[in-house]
Number of protein chains: 2
Amino acid sequence: MVKRTSFEGDACPIARSLEALGDWWSLLIIREALFGVRRFGEFQSKLGMAKNILAARLRSLVEHGILATAPASDGSAYQEYVLTPKGRGTFPILVALRQWSEEYDDHPEEIATILVDREKGRPVKKLEMRAEDGRLLAPADTTIRPRQPSKGVSRSRSG
Amino acid sequence: MVKRTSFEGDACPIARSLEALGDWWSLLIIREALFGVRRFGEFQSKLGMAKNILAARLRSLVEHGILATAPASDGSAYQEYVLTPKGRGTFPILVALRQWSEEYDDHPEEIATILVDREKGRPVKKLEMRAEDGRLLAPADTTIRPRQPSKGVSRSRSG
DNA sequence: CTTGTGTGGTTGCATAATAAAACCAAATGC
DNA sequence: GCATTTGGTTTTATTATGCAACCACACAAG
């Protein structure tokens with residue numbers, strides 16, 4: 001088999017999310033959807049991508065339950081693509097990507113926009129990882145554990 | 001030109017991070033690197049990917065300043081690939097991807113591992129977005145603003 | 001209701017990326 | 001010194017991407 005490898009059966013949750021989001025366009029489509037874009041042509045013109053691959057991506061996102069098709073809200077017979085709760089749940093991923101660029105990009109002056117708290121207009125704080133009890137955690141303060149500590153879950157690859 | 005589109009000059013920080021991280025393998029390579037993997041063969045066997053594309057990805061990650069090559073720590077003449085601070089800075093992205101799978105995956109029972117607080121062994125709390133003053137923010141509480149509110153920054157596309 | 005136009009795609013073709021396998025040189029182990 | 005491991009590159013096949021052309025249906029005007 002020479003097909004592009006799929007992470008579908010992988011036991012690692014990161015690989016699993018990349019299965020749905022890990023291509024060039026999906027996260028940008030979702031970004032636009034979070035901005036309120038709903039129509040095919042609007043995605044196409046804002047992202048400047050080929051229509052056939054947009055169609056393929058939208059289909060894939062719908063299959064993955066990230067977008068859903070709905071009748072157009074303006075009464076026309078066309079359809080719209082709207083985010084599901086699962087789709088809206090990607091928001092922290094987009095924030096993390098954004099903050100990573102803001103912090104480490106080699107040409108930060110080329111970055112056009114910042115994410116701000118709407119009420120105060122001030123930049124959003126960096127995402128931080130915390131323990132259940134609220135303690136701030138650094139990467140080294142965390143570790144990976146088997147999901148069910150003694151029920152014989154075993155699958156491929158690490159995670 | 002029919003080349004794969006590049007997001008390099010894009011003004012959106014999300015597109016910019018995807019330029020470096022947005023392919024099938026890069027984030028998984030970084031995941032392994034965060035686990036302590038440093039050697040070519042170790043990446044290759046753990047990820048089960050073709051050697052040529054691993055070589056290409058490692059080269060790309062080095063070019064992007066996410067990995068750096070270093071002489072092997074065990075005294076041998078081989079080299080190692082180690083994360084830079086920029087590379088370690090992707091940690092929140094991986095956490096966000098992981099938590100998204102944990103929350104929304106259709107078959108969560110197939111997920112093998114969970115991220116836990118090392119001290120207590122309890123799951124890490126969901127990433128949350130906060131304002132500078134500590135207020136918890138929902139996506140709708142945030143908005144996008146031009147980076148420099150009145151210095152005439154203008155580039156392509158949204159963000 | 002007929003004609004024109006915009007929307008939302010699909011199809012065909014050229015090129016680029018990915019994958020598997022073969023190959024290879026340098027480093028290492030014996 | 002010789003076999004093996006390591007860390008790749010090369011070759012070739014297949015898949016994905018990107019552009020342009022095409023097309024069906026909705027809609028609007030007359």
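The figures here come from the full heavy-atom set of this structure, side chains too, leaving out hydrogens, waters and symmetry mates. In what follows, chains are A, B, ... by sequence order, proteins preceding strands, each numbered from 1.
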Inset, instruction - With the side chain of A/Lys51 defined as its heavy atoms from C-beta on, choose the nearest nucleotide among C/dA21, D/dC19, C/dT10. - result: C/dT10

Legend entry - Whole angstrom value for the distance that separates P of C/dA17 from CH2 of B/Trp25: 18 Å

Inset, instruction - Would you confirm whether the ring centroid of B/Phe7 sits within less than 6.0 angstrom of the ring centroid of A/Trp25? - result: yes

Legend entry - side-chain N/O B/Thr5 vs D/dT17 OP1/OP2, d < 4.0 Å: no

Legend entry - Between C1' of D/dT6 and CD of B/Glu80, the distance in whole Å: 13 Å

Legend entry - A/Phe7 CZ - C/dT18 C1' separation (whole Å): 12 Å

Legend entry - Candidate nucleotides C/dT18, C/dG9, C/dT28, ranked by approach to the side chain of B/Arg57 - the nearest: C/dT18

Legend entry - Sugar-phosphate, base or nothing in reach of B/Tyr81, heavy atoms under 4.0 Å: sugar-phosphate

Inset, instruction - Round to a whole Å and report the spacing from CG of A/Leu18 to P of C/dT18. - result: 14 Å

Legend entry - Per A/Tyr78 side chain, nearest of listed nucleotides C/dT7, C/dA27, C/dT11: C/dT7

Legend entry - Side-chain donor or acceptor of B/Thr84 paired with backbone N/O of B/Gly87 under 3.5 Å: yes

Inset, instruction - Go through D/dG18, C/dT10, D/dT9 for me and flag the one nearest to the B/Arg59 side chain. - result: D/dT9

Legend entry - Shortest side-chain distance from B/Arg39, nucleotide among D/dT6, D/dA20, C/dA19: D/dT6

Inset, instruction - Select from A/Ala50 and A/Gly75 the residue whose nearest nucleotide in DNA chain D is closer to the 5' end of that strand. - result: A/Ala50

Legend entry - Nucleotide nearest A/Gln79 when distance is taken to its side chain, options C/dG9, C/dA19, D/dG18: C/dG9

Inset, instruction - Look at the side chain of A/Arg130 and the backbone N and O of B/Val124, then say whether any donor-acceptor pair between them is shorter than 3.5 Å. - result: no

Inset, instruction - Give the rounded distance in Å between these two atoms: CE of A/Met49 and P of C/dT10. - result: 13 Å

Inset, instruction - Verify the neighbour count for atom CD of A/Glu132: are there more than 12 heavy atoms of other residues, nucleotides or ligands below 6.0 Å? - result: yes

Inset, instruction - In whole angstrom, give the distance that lies between atom CG of B/Asp23 and atom C1' of D/dA16. - result: 14 Å

Legend entry - B/Leu83 backbone acceptor or donor facing B/Arg88 side chain under 3.5 Å: yes

Inset, instruction - Look at the side-chain N and O atoms of B/Ser76 and state whether any lies under 4.0 Å from the OP1 or OP2 oxygen of D/dT6. - result: no

Legend entry - Protein-nucleotide distance (B/Phe40, atom CZ; C/dT28, atom P), rounded to Å: 17 Å

Inset, instruction - Taking only the side-chain heavy atoms of B/Asn52 (C-beta and beyond), determine which of D/dA20, C/dG9, D/dT9 contains the nearest atom. - result: D/dT9

Inset, instruction - Determine the contact category for A/Ala55: base if any of its heavy atoms lies under 4.0 Å from a base atom, sugar-phosphate if only primed atoms, P, OP1 or OP2 are that close, otherwise nothing. - result: sugar-phosphate

Inset, instruction - Send over the distance from B/Glu19 CD to C/dA17 P, rounded to a whole Å. - result: 11 Å

